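A short write-up of the structure that comes next.
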Amino acid sequence: MRAMVLDTPRRPLALRDVPRPAAASGEVVIAVEACAVCRTDLHLVQGELEDIPQPLIPGHQIVGTVVESRSGRLAEGTRVGVSWLGFACGACGYCRSRRENLCDAARFTGYTLPGGYAELVAADARFCLPLRTDAPAVKLAPLLCAGAIGYRALGCCGDAGQIGLFGFGAAAYLLAQALRRTGREFAAFTRPGDRPAQDAARSLGASWAGGSDEARPGSLDAAILFAPVGDLVPAALAAVRKGGSVVCAGIHMSDIPRFPYSLLWGERQVRSVANLTRADAEAFLELAVAEPFHVQTRSYPLEAANEALDDLAHGRFVGSAVLEVIAGR
């Protein structure tokens with residue numbers, strides 16, 4: 001089968017013919033229809049995460065159809081999604097307290113497990129999410145991580161009514177729609193001068209949109225950082241009122257600079273979001289089924305994965321990049 005393979009970090013992916021995966025007990029093999037491109041994939045390719053396996057097939061926002069099953073949970077022909085969390089032990093204190101995302105034995109799709117930049121992928125059936133069959137794969141794929149991670153980050157904000165979104169990529173684009181549905185106000189902080197992202201935010205109901213180097217009038221109840229820029233943490237703290245939260249939603253961030261204690265004082269807090277649980281993804285998908293989200297995508301063929309990653313790195317589009325592996329599905 002064809003796959004885009006990371007042989008060495010900080011070098012382009014290579015299109016390779018690799019062996020077809022076989023399903024182990026409890027697993028399925030999925031014919032990949034589409035796989036959305038995530039900033040985490042970019043961090044992997046750029047060598048910014050620890051202990052990157054080599055070689056590696058990235059990709060963890062997978063939509064496809066089961067073509068082989070060694071599990072009683074999923075039959076052949078079932079359409080499923082595969083997200084970032086690909087395995088958790090189910091027995092540790094984290095798993096037993098509904099925090100499987102923190103499991104020390106967790107394995108991650110497209111990182112410590114083979115991912116979806118390929119024609120076929122094997123996956124633990126317990127971590128596959130049944131999907132609707134009447135929606136295009138390119139519109140479903142971004143929901144599996146970009147949508148779900150924003151939804152989990154929002155949960156960390158409590159009942160905050162005014163939320164700042166720092167970085168307006170795929171996750172913020174979807175979260176903005178969830179905020180609008182629940183009657184919450186949001187402001188968008190983009191790369192300085194990124195007018196297309198600011199215009200997109202306003203079209204989705206942003207009360208204010210501007211560069212991260214600009215000051216929004218008034219204070220926020222909470223802020224969510226999707227941009228992996230540590231310098232934004234003090235800026236977000238300065239924008240949040242007393243008692244507010246700053247939630248860092250990425251797997252990687254540049255170093256946070258020193259900042260005066262006065263920014264944190266007033267019972268403000270800084271916290272991170274680590275990975276996703278299956279419950280997060282299921283809850284967000286249920287929300288998306290009840291009232292479908294507008295998912296803005298740019299499609300690429302599998303062999304153009306490097307182009308998609310470069311476009312993501314340089315902010316050349318608004319929304320989500322998606323690799324179409326089985327075109328037209």
Side-chain angles (χ1 to χ4, degrees), residues 83-85 93-103 143-190 201 204-209 212 215-230 232-251 253 256 259 261-288 290-291 293:
S83 190
W84 175 244
L85 183 64
Y94 292 121
C95 287
R96 287 186 283 106
S97 60
R98 300 183 180 180
R99 295 179 294 165
E100 63 184 11
N101 58 309
L102 302 180
C103 175
L143 304 179
L144 294 165
C145 182
I149 197 72
Y151 187 73
R152 182 174 181 85
L154 178 59
C156 296
C157 295
D159 60 359
Q162 294 181 313
I163 299 175
L165 305 180
F166 285 75
F168 205 80
Y173 190 91
L174 292 168
L175 182 58
Q177 296 174 66
L179 291 169
R180 185 174 61 185
R181 291 181 188 182
T182 57
R184 303 199 204 194
E185 180 182 333
F186 74 94
F189 297 79
T190 72
L204 294 171
S207 61
W208 180 91
S212 58
R216 169 192 173 274
S219 297
L220 300 164
D221 297 320
I224 300 174
L225 272 60
F226 293 112
V229 181
L232 292 177
V233 173
L237 281 169
V240 168
R241 61 175 49 94
K242 290 185 287 186
S245 298
V246 173
V247 181
C248 303
I251 192 172
M253 178 177 280
I256 299 170
F259 58 84
Y261 177 63
S262 59
L263 288 180
L264 187 62
W265 189 80
E267 299 191 354
R268 297 174 181 88
Q269 59 179 321
V270 179
R271 63 172 299 175
S272 68
V273 167
N275 314 314
L276 292 170
T277 67
R278 284 170 286 181
D280 294 324
E282 289 165 357
F284 185 75
L285 288 172
E286 184 176 340
L287 185 68
E291 186 180 345
F293 286 80

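Being a predicted model, the structure only gives us computed values, none of them experimental. Numbers here are sequence positions counted from 1.
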task: Return the set of residues passing ring pair (Phe, Tyr, Trp, His ring centres under 6.0 Å) with F226 (not counting sequence neighbours), or none when no residue passes.
output: none

message: Could you check whether any side-chain N or O of N101 sits under 3.5 Å from a backbone N or O of N275, counting only pairs where one atom can act as donor and the other as acceptor?
response: no

- request: Look up atom CG in L175 and atom CG in L204, then write down how far apart they are to the nearest 0.5 Å.
  value: 10.5 Å

- prompt: Quick one: salt bridge (charged side-chain N to carboxylate O under 4.0 Å, His left out) partners of R181, sequence neighbours excluded?
  reply: E291

query: R152: what forms a salt bridge (charged side-chain N to carboxylate O under 4.0 Å, His left out) with it, not counting sequence neighbours?
result: D280

message: When you measure from the side chain of S212 to the backbone of F189, do you find a donor-acceptor pair of N or O atoms at a distance under 3.5 Å?
response: no

message: Can you tell me how far apart CG (L220) and CZ (F186) are? Round to the nearest 0.5 Å.
response: 12.0 Å

- request: Quick one: pull up CD1 in I163 and SG in C157 and give me the separation to the nearest 0.5 Å.
  value: 4.5 Å

- request: Taking the side chain as every heavy atom from C-beta outward, state whether T277 and R99 have any pair of such atoms under 4.5 Å apart.
  value: no

- prompt: Where is the tightest heavy-atom contact between V240 and A222, given as atom of each residue plus distance?
  reply: CG2-C, 4.0 Å

- prompt: Any side-chain heavy atom of M253 within less than 4.5 Å of one from V233?
  reply: yes

task: Find out whether L276 and Y151 are in side-chain contact, i.e. whether some heavy atom of one side chain is under 4.5 Å from a heavy atom of the other.
output: no

field: Spacing of C95 atom SG and E100 atom CD [to the nearest 0.5 Å]
entry: 6.0 Å

query: What are the two closest non-hydrogen atoms of V273 and A153, and how far apart are they?
result: CG2-CA, 3.8 Å

- line: For A201 and A209 the tightest heavy-atom approach is CB-CB, 4.2 Å

message: To the closest 0.5 Å, what do you measure between CZ (R268) and NZ (K242)?
response: 7.5 Å

- line: In short, A249 meets I149 closest at the heavy-atom pair O-CG1, 3.8 Å

Value rounded to 0.5 Å, distance of CG in L285 from CZ in F293: 10.0 Å

statement: What one should report as the nearest heavy-atom pair of Q162 and S219 is OE1-O, 3.4 Å

task: Evaluate side-chain contact (heavy atoms from CB on, under 4.5 Å) for F259 paired with L264, printing each intermediate quantity in order.
output: CA-CA 9 Å; F259 58 84; L264 187 62; 4.3 Å; yes

query: Do L165 and L179 come close enough that some side-chain heavy atom pair is under 4.5 Å?
result: yes

- prompt: What heavy-atom pair brings A236 and L225 nearest, and what distance separates the two atoms?
  reply: CB-CD1, 3.7 Å

